[in-house]
Amino acid sequence: MSPNDLLENIFDKFLQDSHVFKNREVLHPDYVPDNLPHREEQTRRIGNILAPVLRGSRGSNIFIYGQTGTGKTAVIKYVLNRLLQKGREIGAPIEVSYINCRLAGTEYRVLARMSGNVGLRVPFTGLATAEVFDRFKIVLGSRGSLLVVVLDEIDSLVKAYGDVLLYELTRINEGLKESRVSIVGISNDLHFKEMLEPRVLSSLGEEEVIFRPYTAPEILDILLQRSTAALLDDVLTEGALNLCSALAAAEHGDARRALDLLRVAAELTEREGKQRITEDEIRLAQNEIERDRVVEVLKTLPLHSKLVLFGAYLITKASIKNSVTGDIYEVYRELCTVLGTDPLTQRRVSGIISELDTMGVLNSRIVSLGRYGRTKKVSLGIPRGVVRNVYSEDHWVGQLVGYAPKCLSNKE
DNA sequence: CGTCCACAGGAATGACGGGCGG
DNA sequence: CCGCCCGTCATTCCTGTGGACG
């Protein structure tokens, strides 16, 4: 018995004492269920397209489109698992590489992870991207295997770095004798295709699979199925179930959202020692999810981004409305002086404000004040208290909690 | 109706930390 | 160990611009 099984038993035993969960795992975000309801068609199609690799020939490249929480990742992972399993049974040299491009971040890191998946170790940094790509090709050529590369959230990579890597990938087979590479690109941006060059598009888009958002009844169905597997009988009230699917359906049919809500609500119910999950728990879960996301973001920000955000917080606290980039920068500079840090330029701070905006912690929108210029109007995108709470524990920013910027006192 | 503010945001360039091959 | 090249983040310099004011 492996140590894992040992723990599995301990955990299972622990779980049996739970008055909420039957099997906690089923609601875990990464859990891939044995069957994916309402996605049979897509599963079948992708299976059909990739099946040729079992016989040693390359499958077509696939482009998958669908919004978040429509089951793209779950379906592809499910198909990959089954493909690997079948491959092992019949001794086909199949390898798969699943990469989330947004999490990987850069072209280089995507390539590095792809290389890692075929057994090529590359350093975090220091090598030219082209160099890693050459090595990757060499290893691939020497292995004589069939590789299925899945590039999830590929749009974020192409937006930031262009489609050069994609182009090189689609071309890779030309230079290989034995190995074959199939590419599966997953995107949730409809306009992604417009960012690709025609030659890349035609190659990647050999096959196209579209995942439509789940309808409200479908989400209800998924929730029902998962909750019966995950939770003890009679724990989930009908009202909670309905609210949960309604909230997720409103969010463009996002099933992941629904499952997150249910999981957090269930954990909450267990912690509180309550017997049933009601609509209240679902609502609390909704708040908790949002707050956790924000807290995580605020904590991991670089120092100067924190200071910019904290500046916006101080301005809001002084009940000044309509702050613009210049006001934020002024306060930010003062904060830097207090901390004895060199301030960044306004150009950079402007960029940081935009970054914070896309993260959703600031709201900024470009306005023209006519004679008084054109700028970004900035306001906090999250509750004031959250900023204070998170940063009062911060090593650097913590000193500034309660600080009243001088440059604000002579404004109204 | 033109002007001109207060920036936006693109492009080029530099500083820095890090791995590589010799 | 050195010189080289890389990715990342920041700086510098720049051109672009919506609309109130005169």
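Note that these values count all heavy atoms, side chains included, but never hydrogens, waters or copies made by symmetry. First the proteins, then the strands, lettered A, B, ... as listed; each starts at 1. Keep in mind that what you see is a predicted model, and the values were worked out from it rather than measured.
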Taking atom [atom2] of [N] as reference, at what distance in whole Å does atom [atom1] of [X] sit?
X        : N      : atom1 : atom2 : answer
A/His304 : C/dC9  : NE2   : P     : 13 Å
A/Arg348 : B/dA11 : CZ    : C1'   : 16 Å
A/Glu330 : B/dA6  : CD    : P     : 12 Å
A/Leu303 : C/dA10 : CG    : P     : 10 Å
A/Arg347 : B/dT13 : CZ    : C1'   : 14 Å
A/Leu369 : B/dC7  : CG    : P     : 9 Å
A/Asn322 : B/dC7  : CG    : P     : 14 Å
A/Asp357 : B/dC7  : CG    : P     : 17 Å

Nearest of [options] to any side-chain atom of [X]?
X        : options               : result
A/Gln346 : C/dT12, B/dC7, C/dC21 : B/dC7
A/Tyr372 : C/dC21, B/dA8, C/dC13 : C/dC21
A/Leu344 : C/dT17, C/dT11, B/dG9 : C/dT11
A/Lys376 : C/dG19, B/dC7, B/dA8  : B/dA8
A/Ile366 : B/dG9, C/dA10, C/dA20 : B/dG9

### Query
Do any side-chain nitrogens or oxygens of A/Ser368 fall under 4.0 Å of OP1 or OP2 in B/dA6?
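No, no such contact exists.
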### Task
Please check the phosphate of B/dG9 (OP1 and OP2 only) for any side-chain N or O of A/Ser350 closer than 4.0 Å.
no
#### Entry: Basic-acidic side-chain contact under 4.0 Å: A/Arg283, A/Glu288
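Between A/Glu288 and A/Arg283 there is no salt bridge, as every charged N stays at least 4.0 Å from the carboxylate O atoms.
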### Query
Do A/Glu40 and A/Arg45 meet the salt-bridge criterion of a basic N to acidic O distance under 4.0 Å?
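Not counted as a salt bridge, because no side-chain N and carboxylate O are separated by less than 4.0 Å.
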### Donor-acceptor pair present, A/Arg371 side chain and C/dG22 base, under 3.5 Å
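No pair found.
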### Task
Would you kindly say whether A/Thr278 and A/Glu281 are connected by a side-chain donor-acceptor distance under 3.5 Å?
yes
### Query
Could you state the interatomic distance from CD1 (A/Ile46) to CG (A/Leu83), rounded to the nearest 0.5 Å?
11.5 Å
#### Entry: 5' precedence on DNA chain B between A/Arg135 and A/Thr375 (nearest-nucleotide basis)
A/Thr375
### Query
Counting only heavy atoms not in A/Glu41, do more than 12 sit closer than 6.0 Å to its CD atom?
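Atom CD in A/Glu41 is not packed in, count stays at 12 or less.
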### Query
Taking for each residue the nucleotide of DNA chain C with the nearest heavy atom, is it A/Arg374 or A/Pro302 whose nucleotide lies nearer the 5' end?
A/Pro302
